[in-house]
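What follows is a set of notes on a single structure, which appears directly below.
Side-chain atoms are counted along with the backbone in the values below, which use heavy atoms only and exclude waters and symmetry mates.
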Amino acid sequence: MTAAYTLYAKPGFAATTIERLCSEARISNRAFYECFGGREELLRALHERCVEESLAFVAKALQEAPDTLAGRVEAGIRAYVEFATADWRRARIMHVEVRRSGDVLAMSRQRAVDSFARLVEEASADFQQASPLNRRLVALGVIGVLQELLIEWLLSEDQPEIDELVAVAVHIFNRSLGPG
């Protein structure tokens, strides 16, 4: 898994063969297939681990956040961005390779988005006033914003600062989740 974590992040899933994974991990192809059905299954396992760790980290930050919408938004976004960017491989697997892998991670990605959408909905539910907007769709929209900001951080030659990413995401989240 450690070899895949690095190779799937760069050069990427499509460019990483079983042979290269096994060579990097110093295991035989047979040993690989005793653990995983293929490189797709390994990618799903890595992605799901990254998502689970991220969800747990953000949930903890939300529990410790001030009991205001602004406090929860700031704490949740900062926790997610800092956790994702603490290891570029994690950020790359969760935000770039998840898209590049096509159908391989489609269901895993959908479960992750659903889990994060529920987290956003729950964290903001006590503070949202009556609005004609569908709260789930708003949650999905703000998640998309955060994903695109992290892709920009990963792929940009002039990487934005983490604090700048957080500030922009917080601004957009507050405008989206606040009083309609």
Side-chain angles (χ1 to χ4, degrees), residues 1-62 76-123 136-137 139-162 165-166 168-169:
M1 291 219 22
T2 302
Y5 193 58
T6 299
L7 291 172
Y8 282 174
K10 196 168 192 169
F13 173 72
T16 302
T17 63
I18 297 288
E19 291 74 23
R20 187 165 181 189
L21 275 169
C22 293
S23 173
E24 191 76 22
R26 296 186 180 121
I27 62 169
S28 68
N29 286 15
R30 180 178 175 188
F32 173 84
Y33 285 109
E34 287 174 0
C35 297
F36 298 99
R39 59 191 196 100
E40 296 84 0
E41 185 179 321
L42 176 56
L43 179 61
R44 271 190 298 279
L46 279 173
H47 180 259
E48 289 170 6
R49 177 195 276 175
C50 290
V51 168
E52 288 170 19
E53 291 172 350
S54 297
L55 282 165
F57 197 79
V58 172
K60 183 176 187 284
L62 289 171
I77 290 171
R78 182 163 296 284
Y80 184 77
V81 170
E82 288 179 354
F83 187 78
T85 60
D87 187 331
W88 67 271
R89 298 171 300 176
R90 178 187 305 127
R92 189 147 179 117
I93 287 168
M94 290 180 66
H95 297 285
V96 175
E97 290 306 312
V98 71
R99 287 172 167 77
R100 289 184 178 166
S101 67
D103 290 342
V104 173
L105 288 180
M107 293 302 295
S108 180
R109 180 183 179 280
Q110 191 57 43
R111 282 190 302 275
V113 168
D114 185 58
S115 295
F116 280 106
R118 275 185 304 202
L119 197 60
V120 170
E121 287 179 90
E122 291 167 7
R136 176 160 174 76
L137 294 179
L140 291 171
V142 295
I143 289 167
V145 164
L146 196 50
Q147 291 174 346
E148 291 304 318
L149 290 172
L150 285 164
I151 290 169
E152 176 68 14
W153 178 80
L154 283 162
L155 302 180
S156 175
E157 293 205 14
D158 186 23
Q159 256 184 351
E161 295 293 323
I162 300 303
L165 289 178
V166 171
V168 168

How about Asp114 and Arg136: do any of their side-chain heavy atoms sit closer than 4.5 Å?
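Yes, side chains in contact.
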Tell me, do Arg99 and Ile151 make a side-chain contact under 4.5 Å, heavy atoms counted?
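Arg99 vs Ile151: side chains touch.
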Nearest 0.5 angstrom please: [X] [atom1] to [Y] [atom2], how far?
{"X": "Ser23", "Y": "Asn29", "atom1": "OG", "atom2": "CG", "result": "10.0 Å"}
{"X": "Leu21", "Y": "Thr2", "atom1": "CG", "atom2": "OG1", "result": "11.5 Å"}
{"X": "Glu152", "Y": "Asp158", "atom1": "CD", "atom2": "CG", "result": "9.0 Å"}
{"X": "Phe32", "Y": "Ile18", "atom1": "CZ", "atom2": "CD1", "result": "3.5 Å"}
{"X": "Tyr8", "Y": "Ile93", "atom1": "OH", "atom2": "CD1", "result": "9.0 Å"}
{"X": "Leu46", "Y": "Glu41", "atom1": "CG", "atom2": "CD", "result": "11.0 Å"}

Distance-only criterion, 3.5 Å: show the donor-acceptor pairs between side-chain atoms of residues 81-88 and protein atoms not counting sequence neighbours.
{"from": "Glu82", "atom 1": "OE2", "to": "Arg78", "atom 2": "NH1", "distance (Å)": "3.1"}
{"from": "Thr85", "atom 1": "OG1", "to": "Val81", "atom 2": "O", "distance (Å)": "2.7"}
{"from": "Asp87", "atom 1": "OD1", "to": "Arg89", "atom 2": "N", "distance (Å)": "2.9"}
{"from": "Asp87", "atom 1": "OD1", "to": "Arg89", "atom 2": "NE", "distance (Å)": "3.0"}
{"from": "Asp87", "atom 1": "OD2", "to": "Tyr5", "atom 2": "OH", "distance (Å)": "3.4"}
{"from": "Asp87", "atom 1": "OD2", "to": "Arg89", "atom 2": "NE", "distance (Å)": "3.4"}
{"from": "Asp87", "atom 1": "OD2", "to": "Arg89", "atom 2": "NH2", "distance (Å)": "2.8"}

Under the criterion side-chain contact (heavy atoms from CB on, under 4.5 Å), I'd like the reasoning laid out for Leu149 against Val145: C-alpha separation, chi angles, the key distance, then a yes or no.
CA-CA 6 Å; Leu149 290 172; Val145 164; 4.0 Å; yes
With a cut-off of 6.0 Å (strictly less than), are more than 12 heavy atoms of other residues, nucleotides or ligands near CZ of Arg49?
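It does not: Arg49 CZ has 12 such atoms or fewer within range.
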Nearest heavy atoms of [X] and [Y], plus distance in Å:
{"X": "Arg39", "Y": "Thr16", "answer": "NH1-O, 3.0 Å"}
{"X": "Gly38", "Y": "Tyr33", "answer": "CA-CE2, 4.2 Å"}
{"X": "Tyr80", "Y": "Leu150", "answer": "CE2-CD1, 3.3 Å"}
{"X": "Ala112", "Y": "His47", "answer": "CB-CE1, 4.2 Å"}
{"X": "Ala139", "Y": "Ala117", "answer": "CB-O, 3.8 Å"}
{"X": "Leu42", "Y": "Ala4", "answer": "CD2-CB, 3.4 Å"}

For a side-chain contact (heavy atoms from CB on, under 4.5 Å) check, start with the C-alpha distance between Arg44 and Phe36, then their side-chain angles and the critical distance, and finish with the verdict.
CA-CA 10 Å; Arg44 271 190 298 279; Phe36 298 99; over 6 Å; no
Should Leu105 and Met94 be marked as a side-chain contact (heavy atoms from CB on, under 4.5 Å) after you check the CA-CA gap, both sets of side-chain angles, and the distance that decides it?
CA-CA 10 Å; Leu105 288 180; Met94 290 180 66; over 6 Å; no
Does any pair with a residue in residues 100-112 pass salt bridge (Lys or Arg N to Asp or Glu O under 4.0 Å), and if so which ones, sequence neighbours excluded?
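Of all non-adjacent pairs touching residues 100-112, those that pass salt bridge (Lys or Arg N to Asp or Glu O under 4.0 Å) are Glu48-Arg111, Glu97-Arg100.
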Any salt bridge (Lys or Arg N to Asp or Glu O under 4.0 Å) pairs touching residues 17-32, not counting sequence neighbours?
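Found Arg30-Glu34.
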